[in-house]
There are 2 protein chains.
Amino acid sequence: MTALASLRPIADSTLRGQTVDRLRDLIVSGQVGAGVRLTETHLAKALGISRGPLREAIRELVDIGLLVSQPYKGIFVRSVTRRDIEEVYSLRTALEQFAFKQCWAKRTPEALANLRARHRALTKVIDSQSDPFGAIERELELHGWCYEVSGHTLLQKSWTRLRPNLQFYFVMHQQAHGRLGPRREAHDVYIDRACGDDLEAMLAHLEDHMQQGLKTTITFIEAME
Amino acid sequence: MTALASLRPIADSTLRGQTVDRLRDLIVSGQVGAGVRLTETHLAKALGISRGPLREAIRELVDIGLLVSQPYKGIFVRSVTRRDIEEVYSLRTALEQFAFKQCWAKRTPEALANLRARHRALTKVIDSQSDPFGAIERELELHGWCYEVSGHTLLQKSWTRLRPNLQFYFVMHQQAHGRLGPRREAHDVYIDRACGDDLEAMLAHLEDHMQQGLKTTITFIEAME
DNA sequence: TGCGATTTGTCCGTATGTATT
DNA sequence: TAATACATACGGACAAATCGC
């Protein structure tokens, strides 16, 4: 991995791609709440584009899972059940364990320095206590490290698909609980193990880490049902 | 899992969905070879539909990975490298191991009978030696069992996305090597372990099984490079 | 129950941008 | 450089399905 990789994904040249980005950000930032219906004509007018590329962008977001489509009825921002969160966390555990197996031998000093830099960026944003949304992004950026270092393109794609859903959950959780964001020490062991020499210890910690994340994330569901 | 589940995915009501199915079958059956360029206007005329739903269907296949899109240049049927196959097999190993962990406690007698039925269907088609393409479908149907029984919808989706790519590789391999199809005894141990009581033994066998599958599948790449 | 309004799904014509020759 | 081919995008139109009255 080059240290410069994946700083900012360059803006897509096609209007469809740009619309995917705009809509995704709109949803995961919580600006359009879960369950809200989106009508093509209104949305197209609001975005200043025609229905063609908008429909294609919508299809992509449906595929990721952020939108759900009911033919001839409409498209809606996804609603979240307890089971959804449990499934994402369990699959994510398996994927991230696989990612660490794949990247374990590729952890160059530069790569590890990059990981620590991401951790510092996360704790810094948490300490500032002014940007909980940014903290969520930093946390996901931290977890993206193992996927990038793995060099496994298919695995990276899986993470790219999973990540917006996680971000959506986190933001929903945060909006339900006020300004929280991730805990400051939540990733200390994660970083230590990731930089250490015991792969099995890392894999075992991932189970705990995810279990803990699931428990805290899922609390906001209780209040909704 | 109900025994009747997932026999035939009902045909999609929208033209877009139907087109996705048609194009997917066209590609995984090998009727349009790897690397071939598809032009929208010609394809739309050939399919008897307009470019709107066709473009949406194409986007979906790009997302799955069967097509690759180069903006303003064109869309092409994917070409396969050795690395692609290695990545699919390694990720698939991780996913299928996870699937068996998830489904292990849910293996009712009915579910196990269903698994054995799929195995019988596979060996029967292999023995007939007249339908290698059907044999490939039956093999994938066999491997789909653990995903269905797991009851994990996200995991099932992952398999649904991975499966067409595998089918594409298998058919390419078969076309390069004449009428082969999967070996008859290749899944005997797989079935035994899946019906047994030792989860760890199943997981270990999956490593071997996939390693073996990778080795045989990858041979056709050698002849192309 | 039926009717009208709204929205999605689909088609077509046209214009523009990009790549290739 | 010009010309061709094609992907991309726009706008208008109609059909089909759904929903509310």
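In the text below, chain A, chain B and the rest are named by the order of the sequence lines, each starting its count at 1. Heavy atoms only: backbone and side chains are in, while hydrogens, waters and symmetry mates are out.
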Self-check item: Outermost nucleotides of DNA chain C that come under 4.0 Å of a non-hydrogen atom of chain A
Solution: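 Taking any atom under 4.0 Å from a heavy atom of chain A, the span is dT7(C) to dT10(C).
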Quiz item: Base, sugar-phosphate alone, or nothing: which one does L38(A) contact when heavy atoms must sit under 4.0 Å apart?
Solution: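 Sugar-phosphate contact only - L38(A) comes under 4.0 Å of backbone atoms but never of a base.
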In whole Å, I'd like the distance from the [atom1] atom of [X] to the [atom2] atom of [N].
X: Y72(A); N: dA15(D); atom1: OH; atom2: P; value: 13 Å
X: R51(A); N: dA15(D); atom1: CZ; atom2: C1'; value: 12 Å
X: L54(A); N: dG11(D); atom1: CG; atom2: P; value: 13 Å
X: K45(A); N: dG11(D); atom1: NZ; atom2: C1'; value: 12 Å
X: I49(A); N: dT8(D); atom1: CD1; atom2: P; value: 15 Å
X: E56(A); N: dA7(D); atom1: CD; atom2: P; value: 12 Å
X: R55(B); N: dC6(D); atom1: CZ; atom2: P; value: 15 Å

Practice problem: Taking the side chain as every heavy atom from C-beta outward, state whether Y147(B) and F98(B) have any atom pair closer than 4.5 Å. | Solution: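 No, their side chains stay 4.5 Å or more apart.
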Exercise. Could you tell me whether the side chain of N165(B) reaches within less than 4.5 Å of the side chain of R78(B), counting heavy atoms only?
Key: yes
Practice problem: Measure centre to centre between the rings of Y190(B) and H119(B), then say whether the value is under 6.0 Å. | Solution: no
Self-check item: Selection from dC10(D), dA7(D), dT18(D) that lies nearest to any side-chain heavy atom of E40(B)
Solution: dA7(D)
Quiz item: Salt bridge between R163(A) and E141(A), side-chain N to carboxylate O under 4.0 Å?
Solution: yes
Quiz prompt | Minimum heavy-atom distance between L206(B) and T93(B), given as atom pair plus value | solution = O-CG2, 4.5 Å
Quiz item: Hey, which of R59(B), R161(B), K157(B) is the one that makes side chain to side chain contact (heavy atoms under 4.5 Å, CB included) with D63(A)?
Solution: R161(B)
Exercise. Take P71(A) and G17(A), find for each the nucleotide of DNA chain D with the closest heavy atom, and name the residue whose nucleotide sits nearer the 5' end.
Key: G17(A)
